[in-house]
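Here is the structure we will look at.
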Amino acid sequence: MGVMLKLYNTRTRRVEEFRPLHPPHVRIYVCGLTPSAEPHIGHFRTYLFFDVLRRYLEHLGYDVRYVQNVTDIDDRSIARAMDTGEHWYDIVRGFYAMFKDAWRKLGLLPLDAHNEPYATRFIPQIQIMISELIGRDLAYVARDGIYYRVSKFAGYGALSNRNLEELQAGARIEIDEFKEDPLDFALWKFAKPGEPNWPFEGYGAGRPGWHIECSAMARELLDQEGCGFDIHGGGADLIFPHHENEIAQSEPLMRSPPMSNFWVHGGLLLHESKKMSKSLGNFEPVGGLLERHDPQAIRLLFLQTGYSKVMNFTEGSITAAAAGLQRLKATYRSLALAGAPSTPQSSGALVARIEQVMGEDMNTAAAIAELHRGAAPEEFGQFIYALQLLGLSPSQQWMEHAQLELPDDLAQKLVRELGPTVALNGAEPQEAVAHVIALRTKARAQKDWTESDRLRDALARAGVALEDSKDGTTWTVRP
Ligand SMILES: [Zn+2]
């Protein structure tokens with residue numbers, strides 16, 4: 001805990017030193033998924049950042065409680081159910097399973113059940129909060145639901161740095177809404193026929209609005225004392241209105257605001273230079289992406305860009321990140337083959353350099369650049385530890401990969417072994433191996449065992465071992 005961490009705080013619009021309210025505990029709430037459509041990479045940019053923040057805070061010695069909710073009741077999943085005839089909860093369950101599958105593949109730290117609250121399991125807490133807001137005149141009952149009265153909360157607009165007049169100018173009341181003011185937002189929506197609903201004594205059956213669920217679950221799980229927690233996170237697109245509304249709901253009921261000491265937001269993600277949106281139909285479901293690319297290359301790509309910057313996600317950028325990953329693997333292998341001890345080491349000069357850049361608002365890009373600079377053999381344990389801090393997991397697979405990598409000068413070596421009769425000059429290593437194997441197959445077909453053995457032995461001396469099976473001949477590289 002002696003190492004300093006500075007973070008950009010949206011609430012104060014400054015980079016500030018992070019200090020937990022109650023060390024060694026750090027309490028974080030990050031807005032989770034609304035599983036009413038396929039999860040896309042924009043979601044994962046945010047969650048990958050908070051995954052690394054979690055790892056880094058743990059590295060600094062903090063005991064982190066990380067809560068991330070599931071908005072398992074929402075207008076869109078209900079609408080989708082009405083369109084498709086499926087049960088609305090099957091839709092939610094299906095999309096959330098896809099999300100968790102991608103979560104595992106991308107190597108995010110698991111969420112434990114106590115810290116993964118589903119909105120529909122917190123209906124009593126949500127209703128208590130709504131009743132308290134009504135009691136404070138901060139909410140009112142209308143024909144179609146219960147609304148928050150924005151004009152009663154003086155701090156409204158502070159997080160997103162907007163003033164009320166400006167907001168009022170852009171707001172409208174939809175024809176099917178019965179609120180007093182265009183800025184007011186729904187806390188509870190009375191059920192229309194056929195919609196899922198929960199009873200709410202004294203008011204009427206319905207379902208919670210999106211904003212109130214986060215306020216209620218954050219209070220229940222992280223801040224029962226009403227004195228705030230450490231970090232509230234999410235994508236930058238949630239600052240207004242979602243996070244502004246969470247503050248409006250939570251802070252008037254607290255003993256000692258702010259709701260969260262730090263508000264930390266991940267930057268917007270563009271896809272092939274366009275804003276990703278459902279209406280444009282240009283978002284890439286994360287499932288397809290994970291089929292085409294190494295999840296660790298995707299992780300590296302996100303971490304190479306500052307977390308709060310606007311990022312343009314392109315097919316070409318993943319290819320470049322995959323090449324970067326190969327370079328890290330090559331460094332790892334050369335250190336491993338040099339016989340350096342591979343026990344992860346959490347301190348030393350290399351880790352100190354990583355801490356220095358991570359301490360400056362989580363500069364993961366600079367941390368990766370530091371790893372690309374390589375490490376001395378005695379720093380191998382620190383190199384592994386630093387990779388793990390970024391959520392990259394060097395494993396046996398990184399070594400197995402080595403056996404597919406041929407030495408660059410393989411063709412020259414084989415020419416020396418076999419003489420100029422075998423035409424290999426200037427061949428790429430892969431081509432050279434394939435050519436020698438083809439010659440050997442031909443020799444075997446002609447029962448020329450001497451030539452067949454000569455070719456096999458030459459490859460063996462160049463570090464390539466052959467294996468014959470009924471499906472043909474395969475090769476591996478021996479270090
Ligand atoms: Zn939220």
Review point. What distance separates Leu159 CG from Thr10 OG1, expressed to the nearest 0.5 Å?
Key: 6.0 Å

**Study point:** Distance, nearest 0.5 Å, that separates CZ of Phe122 from CD1 of Ile212
**Key:** 14.0 Å

**Study point:** Phe302 vs Tyr307, ring pair (Phe, Tyr, Trp, His ring centres under 6.0 Å): CA-CA, chis, key distance, verdict
**Key:** CA-CA 8 Å; Phe302 284 127; Tyr307 77 90; over 10 Å; no

Point to revise | Arg93/Asp90 ion pair, N-O < 4.0 Å | key: yes

**Study point:** Min side-chain heavy-atom separation Arg299-Asp294 under 4.5 Å
**Key:** no

Review point. Is it the case that Glu16 and Thr12 place a side-chain donor and acceptor less than 3.5 Å from each other?
Key: yes

**Study point:** Minimum heavy-atom distance between Pro377 and Leu335, given as atom pair plus value
**Key:** CA-CD2, 3.7 Å

**Study point:** Ser250 and Ser215: side chain donor to acceptor below 3.5 Å
**Key:** yes

Practice item. Might you work through the side-chain contact (heavy atoms from CB on, under 4.5 Å) test for Phe313 and Leu270, ending with a clear yes or no? Key: CA-CA 6 Å; Phe313 187 90; Leu270 304 176; over 6 Å; no

Distance-only criterion, 3.5 Å: show the donor-acceptor pairs between side-chain atoms of residues 342-352 and protein atoms not counting sequence neighbours.
none

Exercise for review: Write out all pairs satisfying salt bridge (Lys or Arg N to Asp or Glu O under 4.0 Å) with one or both partners inside residues 227-253, taking only residues at least two apart or from two chains.
Suggested key: none

Point to revise | Side-chain donor or acceptor of Arg54 paired with backbone N/O of Val64 under 3.5 Å | key: no

Exercise for review: For residues 195-215, pull every pair meeting salt bridge (Lys or Arg N to Asp or Glu O under 4.0 Å), keeping only residues two or more places apart or in separate chains.
Suggested key: Asp75-Arg207, Glu195-Arg207

Exercise for review: Could you list all the ring pair (Phe, Tyr, Trp, His ring centres under 6.0 Å) pairs where at least one residue sits in residues 148-177, not counting sequence neighbours?
Suggested key: Tyr148-Phe185

**Study point:** Sequence neighbours excluded, every pair satisfying ring pair (Phe, Tyr, Trp, His ring centres under 6.0 Å) that has a member inside residues 316-336
**Key:** Tyr332-Phe380, Tyr332-Trp398

**Study point:** N-O pairing of Glu291 and Lys105 below 4.0 Å
**Key:** no

Check your understanding: Going by atom types only, do Tyr147 and Asp144 share a side-chain donor-acceptor pair under 3.5 Å?
Key -> yes

Review point. Is a side-chain donor-acceptor pair under 3.5 Å present for Glu315 with His271?
Key: no

Point to revise | Side-chain donor or acceptor of Ser256 paired with backbone N/O of Cys227 under 3.5 Å | key: no

Check your understanding: Regarding Arg11 and the six-membered ring of Phe262, is the cationic atom NZ or CZ under 6.0 Å from the ring centre and inside 45° of its axis?
Key -> no

Review point. About how many Å separate CG of Asn363 and CG of Leu303, when rounded to the nearest 0.5 Å?
Key: 11.0 Å

**Study point:** Check: Asn9 side chain, Trp263 main-chain N or O, donor-acceptor pair, under 3.5 Å
**Key:** yes

Check your understanding: Going through the checks in order, is the side-chain contact (heavy atoms from CB on, under 4.5 Å) test met by Leu387 and Ser393?
Key -> CA-CA 7 Å; Leu387 288 168; Ser393 37; over 6 Å; no

Practice item. Could you pull out the closest heavy-atom pair between Lys179 and Pro182, with the gap in Å? Key: NZ-O, 3.4 Å

**Study point:** Minimum heavy-atom distance between Phe240 and Ser160, given as atom pair plus value
**Key:** CD1-OG, 3.6 Å

Review point. Is a side-chain donor or acceptor of Asp72 paired with a backbone partner of Tyr118 at a separation under 3.5 angstrom?
Key: no

Practice item. Might you confirm whether atom CD of Gln356 has over 12 heavy atoms from other residues, nucleotides or ligands at distances under 6.0 Å? Key: no

Practice item. Check whether any side-chain N or O of Trp103 sits under 3.5 Å from a backbone N or O of Leu109 as a donor-acceptor pair, and report yes or no. Key: yes

Review point. Between Asn197 and Lys192, is any pair of side-chain heavy atoms under 4.5 Å apart?
Key: no

Check your understanding: How far apart are the C-alpha atoms of Leu221 and Arg65, what are their side-chain angles, what is the distance that settles it, and do they pass the side-chain contact (heavy atoms from CB on, under 4.5 Å) test?
Key -> CA-CA 10 Å; Leu221 297 174; Arg65 177 153 189 209; 3.8 Å; yes

Check your understanding: Under 3.5 Å, is there a donor-acceptor pair between the Asp51 and Tyr66 side chains?
Key -> no

Revision key, fill the gap. In terms of heavy-atom contacts, Leu187 and Ile130 come closest through O-CD1, 3.5 Å

Practice item. Give a yes or no on whether the ring-centroid distance for Trp188 and Phe200 is below 6.0 angstrom. Key: yes

Point to revise | Over 12 foreign heavy atoms within 6.0 Å of CZ, Arg143 | key: no

Practice item. Verify the ring-centre separation between His211 and His243: is it less than 6.0 angstrom? Key: no

Check your understanding: Are the side chain of Arg14 and the backbone N or O of Tyr8 linked by a donor-acceptor pair below 3.5 Å?
Key -> no

Exercise for review: Using a strict cut-off of less than 4.0 Å between a Lys/Arg side-chain nitrogen and an Asp/Glu carboxylate oxygen, indicate whether Lys100 and Glu116 qualify as a salt bridge.
Suggested key: yes

Review point. Just wondering, do Ile73 and Thr71 contact through their side chains at under 4.5 Å, heavy atoms?
Key: no

Review point. Between the side chain of Asp223 and the main-chain N/O of Gly228, is any donor-acceptor distance below 3.5 Å?
Key: yes

Practice item. Could you tell me whether the side chain of Leu53 reaches within less than 4.5 Å of the side chain of Ile231, counting heavy atoms only? Key: yes

Practice item. Sequence neighbours left out, what passes salt bridge (charged side-chain N to carboxylate O under 4.0 Å, His left out) with Glu86? Give chain and number order. Key: none

Check your understanding: When rounded to the nearest 0.5 angstrom, what distance separates CE in Met217 from CD in Gln68?
Key -> 11.0 Å

Check your understanding: Thinking salt bridges, do Arg19 and Glu17 make one under a 4.0 Å N-O criterion?
Key -> yes

Review point. Taking the side chain as C-beta and beyond, is there a heavy-atom pair between Leu238 and Thr46 under 4.5 Å?
Key: no

Review point. Is Asn69 reaching over with its side chain to a backbone N or O of Gly32, donor-acceptor style, under 3.5 angstrom?
Key: yes

Check your understanding: Are side-chain heavy atoms of Trp210 and Asp74 found at a separation under 4.5 Å?
Key -> no

Check your understanding: With a 4.0 Å cut-off, would you call Arg149 and Glu180 a salt bridge?
Key -> yes

Review point. Got Leu21 and Arg27 here, is their nearest side-chain heavy-atom distance under 4.5 Å?
Key: yes

Exercise for review: State plainly whether the residues Arg373 and Glu370 are in salt-bridge range, i.e. N to O under 4.0 Å.
Suggested key: yes

Exercise for review: Would you check if the side chain of Arg80 reaches a backbone N or O of Trp88 as a donor-acceptor pair within less than 3.5 Å?
Suggested key: no

Review point. Do Phe99 and Pro35 have side chains that get closer than 4.5 Å, going by heavy atoms?
Key: no

Exercise for review: Say whether, by atom type as modelled, one donor and one acceptor occur between the side chain of His43 and the main chain of His40 under 3.5 angstrom.
Suggested key: yes

**Study point:** Euclidean distance, Lys152 NZ relative to Leu133 CG, rounded to 0.5 Å
**Key:** 13.0 Å

Revision key, fill the gap. Taking every heavy atom of Ser131 against every heavy atom of Tyr203, the minimum-distance pair comes out as OG-CE1, 4.2 Å

Review point. Taking atom types as modelled, is there a side-chain donor on Asp181 or Gln168 under 3.5 Å from an acceptor on the other?
Key: yes

Exercise for review: Go through the steps to decide whether Tyr56 and Tyr62 satisfy the test side-chain contact (heavy atoms from CB on, under 4.5 Å), and finish with yes or no.
Suggested key: CA-CA 9 Å; Tyr56 193 64; Tyr62 296 120; over 6 Å; no

Point to revise | Rounded distance (nearest 0.5 Å) linking atom CZ of Arg219 with atom CD of Gln224 | key: 9.0 Å

